[in-house]
Engineer: 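Take a look at the following structure, please.
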Amino acid sequence: MMYGFGDDANPLPETVALVEDIVVEYVTDLAHKAQEMGSKRGKLSVEDFLFLIRKDPPKLNRCTELLSMQEELKQARKAFEVDEEKLASTE
């Protein structure tokens with residue numbers, strides 16, 4: 001991840017540990033906040049996470065893009081499975 005953002009190919013171990021701590025803390029905090037929101041309804045949902053990042057347009061856009069890609073892949077897999085079943089039944 002750090003190399004993708006312009007860091008050296010072999011960053012210092014201290015830098016890696018610091019970035020990892022920051023990321024883990026952020027993700028944990030986000031998950032706890034989403035869980036608090038979800039506990040009011042009784043379940044955790046994707047919308048809870050989207051609500052929490054709504055004021056950060058780059059993150060929100062990336063999440064919605066990934067969710068739409070996930071849905072497209074799910075539909076493509078389903079269509080592929082149906083095609084395989086048709087081929088198996090014709091043989």
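This chain uses plain numbering: 1 for the first residue, then up along the sequence. All figures in this text were calculated on a predicted structure; none of them were measured in a lab.
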Engineer: Quick check for you: to the nearest 0.5 Å, what is the distance between E65 atom CD and Q70 atom CD?
Structural biologist: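 Rounded to the nearest 0.5 Å, the CD-CD separation comes to 13.0 Å.
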Engineer: Show the atom names and distances, to 0.1 Å, of all donor-acceptor pairs under 3.5 Å that link a side chain in residues 25-32 to residues at least two apart or in another chain.
Structural biologist:
| from | atom 1 | to | atom 2 | distance (Å) |
| --- | --- | --- | --- | --- |
| Y26 | OH | K59 | NZ | 3.2 |
| T28 | OG1 | V24 | O | 2.7 |
| D29 | OD2 | K33 | NZ | 3.3 |

Engineer: Name the atoms and distances for all side-chain donor-acceptor pairs under 3.5 Å in residues 41-52, with sequence neighbours left out.
Structural biologist:
| from | atom 1 | to | atom 2 | distance (Å) |
| --- | --- | --- | --- | --- |
| R41 | NH1 | D48 | OD1 | 3.0 |
| R41 | NH2 | S45 | OG | 3.1 |
| R41 | NH2 | D48 | OD1 | 2.9 |
| R41 | NH2 | D48 | OD2 | 3.0 |
| S45 | OG | E47 | N | 3.4 |
| S45 | OG | E47 | OE1 | 3.3 |
| D48 | OD2 | S45 | N | 2.9 |

Engineer: Quick one: does P58's side chain get under 4.5 Å of D56's, heavy atoms only?
Structural biologist: yes
Engineer: Is F5 linked to V19 within one hydrophobic cluster, defined over Ile, Leu, Val, Met, Phe, Trp and Tyr using a side-chain heavy-atom separation of less than 4.5 Å?
Structural biologist: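 Yes, F5 connects to V19 through the hydrophobic network.
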Engineer: With sequence neighbours left out, write down each residue that passes side chain to side chain contact (heavy atoms under 4.5 Å, CB included) with Q75, or none if nothing qualifies.
Structural biologist: E71
Engineer: What's the spacing between N10 CG and T15 OG1 if we round to 0.5 Å?
Structural biologist: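 N10 atom CG to T15 atom OG1 measures 12.0 Å (nearest 0.5 Å).
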Engineer: Determine whether L12 and M1 fall in the same hydrophobic cluster, where Ile, Leu, Val, Met, Phe, Trp and Tyr are linked whenever their side-chain heavy atoms lie under 4.5 Å apart.
Structural biologist: no
Engineer: Can you pull the salt bridge (charged side-chain N to carboxylate O under 4.0 Å, His left out) pairs that have at least one residue in residues 2-15, sequence neighbours excluded?
Structural biologist: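 As it turns out, there is no salt bridge (charged side-chain N to carboxylate O under 4.0 Å, His left out) pair with a partner in residues 2-15 once direct neighbours are skipped.
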Engineer: I'd like to know if L18 and V16 are part of one continuous hydrophobic network [Ile/Leu/Val/Met/Phe/Trp/Tyr, side-chain heavy atoms within less than 4.5 Å].
Structural biologist: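 In one cluster with V16: L18, no.
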